[in-house]
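Beneath this line is the structure, given in structure tokens, with notes to follow.
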Amino acid sequence: MAKSSHQLNPAQYEAVFYRGGPLLVLAGAGSGKTRVITERIAALVERDVPPDAVTAVTFTNKAAKEMRERLKKRLGEHAKGLRICTFHALGLTMLRGSAGHFNRKANLSVFAGGEQRGVLRSVLQDMRLPSDAKQVDAILGRISQLKNGLIGGEQGLGPVRDRYDALLEKMNAVDFDDLLLLPIRLLNEDAQALALWRERCRHFLVDEYQDSSRMQYDLVRLLVPADGNLTVVGDDDQSIYGWRGAEISNLFQLDQDYTGLKVVRLEENYRSTEAILRAANALIGNNSQRLGKNLRSNLGRGKAARIWEVATPEDEAERVVADICARFATSKSGWSSFCILYRASYQSRPLELALREKGVSYHVSGGLSFFDRAEIRDVLSYLRLVANPDDDLAFMRAISRPRRGIGDKALGDLGVFAYQQGCSLLDACLDEAFTHARRHVFTAFAQTLSDLEHLFTHSEADEAFDALLADSGLEDAIIAEADDERERDARLGNVQALRRWWLSYAENGRNIADFIQNLALVADREEDADGESVRLMTVHAAKGLEFDHVYIIGVEEGGFPHKHAVEEQRLEEERRLMYVAVTRARFHLTLSCVRKRRRYGQVESMAPSPFLQELGGESVEWVDRQPDSESAHEEAESHMAAMRKALGLASGA
């Protein structure tokens, strides 16, 4: 196994090799935290800690995958027994091992989004309560808040929640909140399970700890005793997810709950220049709720951050795009070196128009998820049903795609029969007591699923998947329903991408139930940009990323910080969000605000955000107020150089 401790700075070395019990690593932006947690895990294995006694959790599947790959490269075969996953994946593993404790089977389904809505809608309709989409979403949100302890009492939802949970149990399913709630119950109620999981988590590491919720911290406290080997890595200055349950107080609670907690600060930044870090330090120093650290650069002084003041959002977009084009033309930077950040997604609209006008390739992070595409949801409904025949929601979609001449009334009749018999919809299709005019269609569908289940159990992975597409009629339906050849190829291409993913998964000896459960845990909804493109995204989406050139637009009072956050007394979280935006930049940082903005049909005057003043004076230049500043001259020269280059190309053509 290769050693790399000589490449660590003193603070990183202390964090990697500390052996005194509970450890908090306060890792500033760009300070190498991922490397530190990876090296710490490697150091544990190298000093003969059994890999199956090491568990590391983080918050996205992408981050967990990257950590596994790093450790595989670092440790080789010794990395195999390590448990590296998200909190929810860990919870699912715990539930699968003790499914009987909750009257489930190990092949349980994980419901999210549409599946959850379907379950709740069924409950509300059965209780003769309003079940429109808005009502369903509102009640689901409140049930989620109840399960996560974010609101007290039952809030009048007791009977609805009880029937919702009972229906999940009947369908051998759980929802995402159950992946934390039920493991906590398990560890509190089953001493044997607690002992087993404490041994498996003898060394427990949490990455991005500042994003942890109260439920996640409760799970950590059960898994790791007060004097146990807990390592948490995080940054209080980058806690920006309070709106979805993250508790920054978890960081401050650690030294009260864990005896002799050691704190190591990683303050040497390998990403940004000194000028950018000075601005970031000045900004975040205005927060009172922090443990305190001061980032210092490993890259030299660099250029001052620029602040622009422009008339309208359209002018702002034109100036940003013009500057990107000028820098692209006069430097070695590729398009993907540029990123435009904004507080709210609607702010991308004028930018997209300006980029299109200039013919610049761009990618807006977010959009329709791969898994939300109709053809993917159709195929997955069959795969889910193969993996778990009790999954009635998967049955409802699968039997309707492609169309088989079965209407709502026929499905309703089947549902009534299944309810009376206490069985799944799929089992009801084959029950001889079910006499119905369309029974032959139901029986044929159930036989197809039975054949597919046999294929996925006993045949080659590619043969089974291809049989699903052919025998279900889905492939023919995609071809027939596509408006044109381009749409047909795109939709079939999506299905083939899913096929390739399944084959890759099957090559590692995993079955269809494992595949479906893994898909349910995929929380990373963003697709990668294709090729060289300017990136557009909200600041929340940019966390963890870095770019050579960063533009932060819309930095006005009421916009950033957002007025609702100010009203709700969440100003410090907004400041942390701005800090995250600033520290995405490596070499060049530009912030922009507008003087006039149209809102609700009215043109309003805007004032610069107070955050702009908090960036300090020595590391920023207000370009439009300081026409003789270095930044102003550089901007003008960059545009002139780009024009000369363009004219030179034209004259030489």
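Sequence positions, counted from 1, serve as the residue numbers for this chain.
Here R595 does not pair with E556 in a salt bridge; the nearest charged N to carboxylate O distance is not below 4.0 Å. Note on D237 versus K293: salt bridge recorded, some NZ/NE/NH1/NH2 to OD/OE distance being below 4.0 Å. Here K543 pairs with E208 in a salt bridge; the nearest charged N to carboxylate O distance falls below 4.0 Å. Under the 4.0 Å criterion applied to side-chain N and carboxylate O atoms, R586 and E546 are assigned as salt-bridge partners.
Between the side chain of E532 and the main chain of W335, a donor-acceptor pair closer than 3.5 Å is present. A donor-acceptor pair under 3.5 Å links the side-chain atoms of S297 to the main chain of S272, judged by distance alone. The closest donor-acceptor contact from the side chain of S144 to the backbone of L140 lies at 3.5 Å or more, if one exists at all.
Side chain to side chain, T231 and R40 meet the donor-acceptor criterion of an N or O pair below 3.5 Å. In this model, no donor atom of one side chain and acceptor atom of the other lie less than 3.5 Å apart for Q210 and D236. Between the side chains of Y579 and N287, no donor-acceptor pair of N or O atoms lies under 3.5 Å.
Taking CZ of R214 as the reference point, atom CD of Q216 lies at 11.0 Å (rounded to 0.5 Å).
Counting non-hydrogen atoms of neighbouring residues, nucleotides and ligands closer than 6.0 angstrom, the CD atom of E567 exceeds 12 such neighbours.
Ring geometry for F338 against H549 counts as parallel: the plane angle stays under 30°, on a 0 to 90° scale with 60° as the upper cut.
A ring-centre distance under 6.0 Å is found for F87 and F59.
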